Amino acid sequence: MAYPTYSEHEAPRITPAVQWLIAINVAIYFLQLTLVKPEDMQQFLGFQTSDLPGSLWKVATYMFVHGGFWHVTLNMYMLWVFGPRVEHEMGAAAFSRFFVWCGLGGWLFHLLFGPTALLLGASAAVYGVMLAYAMRWPDDELMLFGVIPMRVKWFVALLVVGSLIQGMGMTLSRATGAPGGSGIAYLAHLGGFAFAWLYLRTPSSQSLDRLKQRIAQVPDVSDETPRAIPRSLPRSRDREGESEVDEIVAKSKAVLTKRPAAAARL
């Protein structure tokens with residue numbers, strides 16, 4: 001078990017999207033235990049390569065059905081630990097899209113590189129949420145197994161490396177025909193990590209919306225309607241002063257030229 005030890009109170013302990021995602025997963029697992037046989041529910045919602053191209057809904061529904069108690073418990077615990085703060089940063093709608101996007105990454109990697117076994121669980125989506133947390137707050141500390149302090153970035157890095165090593169080992173085992181395999185979709189985990197990184201490194205529509213809001217808050221320079229530019233611009237005060245001086249000089253010259261003529265007549 002692991003949980004962050006940050007002391008900030010900027011986000012609630014549970015947020016709407018995380019609450020709904022946990023509720024859906026728990027409700028489906030409850031149905032597996034009561035009204036529907038587990039194998040029937042897993043076959044109906046889980047994904048296998050043979051389901052294509054018919055049962056397209058399984059591309060998304062596989063992440064809401066689990067293989068057992070510890071499978072659903074660990075996934076929902078990690079979502080409860082890391083999800084609310086990420087959702088508070090993204091917003092509920094964007095976080096929900098991000099969760100599904102990471103799950104689709106897990107499905108794609110399983111389809112391309114994984115075995116033909118049944119794909120179940122929200123691990124790929126939850127791992128994507130954990131990567132988002134580590135990229136946003138890399139130096140937060142968590143207590144691994146409740147006793148070992150570790151920074152979030154190193155914890156997530158260990159998960160990435162572990163999934164990569166285990167996934168490559170399973171691929172080599174299938175290629176050589178050697179027996180083995182733990183039944184854990186490590187390559188799907190890598191798909192969740194990869195799609196989360198791609199999403200977080202790409203400019204999102206949320207950033208564009210925030211930019212538009214900032215631009216909209218800038219007041220207009222003037223509320224007046226535009227006016228046509230006159231054909232002749234009004235004369236400035238300097239030009240008026242110069243014209244008056246010119247007129248005075250002209251009058252003075254006229255007076256001086258008239259006085260000699262008058263004296264000659266006298």
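What you see is a predicted model; the values in this text were computed from it and never measured.
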What are the two closest non-hydrogen atoms of [X] and [Y], and how far apart are they?
| X | Y | answer |
| --- | --- | --- |
| Leu187 | Gly167 | CD2-CA, 3.8 Å |
| Glu87 | Ala92 | OE2-CB, 3.4 Å |
| Val18 | Ile14 | CG1-CD1, 3.7 Å |
| Val100 | Met63 | O-CE, 4.0 Å |
| Gln42 | Gln32 | NE2-NE2, 3.7 Å |
| Ala196 | Leu131 | CB-CD2, 3.9 Å |

What distance separates [X] [atom1] from [Y] [atom2], expressed to the nearest 0.5 Å?
| X | Y | atom1 | atom2 | value |
| --- | --- | --- | --- | --- |
| Trp101 | Leu198 | CH2 | CG | 5.5 Å |
| Phe155 | Leu158 | CZ | CG | 8.0 Å |
| Leu21 | Met76 | CG | CE | 7.5 Å |
| Leu164 | Leu159 | CG | CG | 12.5 Å |
| Glu141 | Lys153 | CD | NZ | 11.0 Å |
| Thr61 | Ile24 | OG1 | CD1 | 12.0 Å |

Once you measure the plane-to-plane angle for [X] and [Y], does it fall in the parallel (<30°), tilted (30-60°) or perpendicular (>60°) bin?
| X | Y | answer |
| --- | --- | --- |
| Phe47 | Trp107 | perpendicular |
| Phe69 | Tyr29 | tilted |
| Phe113 | Phe109 | perpendicular |
| His189 | Tyr186 | perpendicular |

Handout entry: Those residues that, when tested against His110, pass ring pair (Phe, Tyr, Trp, His ring centres under 6.0 Å) (two or more places apart)
Key = none
Fill in the blank from the handout: Hits for ring pair (Phe, Tyr, Trp, His ring centres under 6.0 Å) against Trp57, two or more places apart or cross-chain, chain-then-number order -> Phe44
The criterion is side chain to side chain donor-acceptor pair (under 3.5 Å); which residues satisfy it with [X], sequence neighbours excluded?
| X | answer |
| --- | --- |
| Asn25 | none |
| Arg151 | none |
| Ser123 | Asn75 |
| Asp40 | none |

Contact list for [range], test salt bridge (Lys or Arg N to Asp or Glu O under 4.0 Å), sequence neighbours left out:
| range | value |
| --- | --- |
| residues 117-130 | none |
| residues 112-130 | none |
| residues 57-79 | Asp51-Lys58 |
| residues 107-129 | none |

In the structure I gave you, are the side-chain heavy atoms of [X] and [Y] within less than 4.5 Å of one another anywhere?
| X | Y | value |
| --- | --- | --- |
| Arg97 | Met90 | no |
| Phe64 | Leu45 | no |
| Leu111 | Leu52 | yes |
| Tyr127 | Ser163 | yes |
| Phe95 | Val86 | yes |

Give the cluster check for [X] versus [Y]: same hydrophobic cluster or not, with ILVMFWY residues linked at side-chain heavy-atom distances below 4.5 Å.
| X | Y | result |
| --- | --- | --- |
| Met168 | Phe193 | yes |
| Phe30 | Leu74 | no |
| Leu118 | Val36 | yes |
| Val26 | Phe99 | yes |
| Trp20 | Val72 | no |

Practice task
Please say which of Trp154, Tyr133, Phe82 ends up in a side-chain contact (heavy atoms from CB on, under 4.5 Å) with Leu142.
Solution key: Phe82
Exercise for the section: Output all residues satisfying side-chain contact (heavy atoms from CB on, under 4.5 Å) with Ile165, sequence neighbours left out; order by chain, then residue number. Expected result: Val161
Problem - Residues which pass salt bridge (charged side-chain N to carboxylate O under 4.0 Å, His left out) with Lys37, listed by chain and number, not counting sequence neighbours - result: none
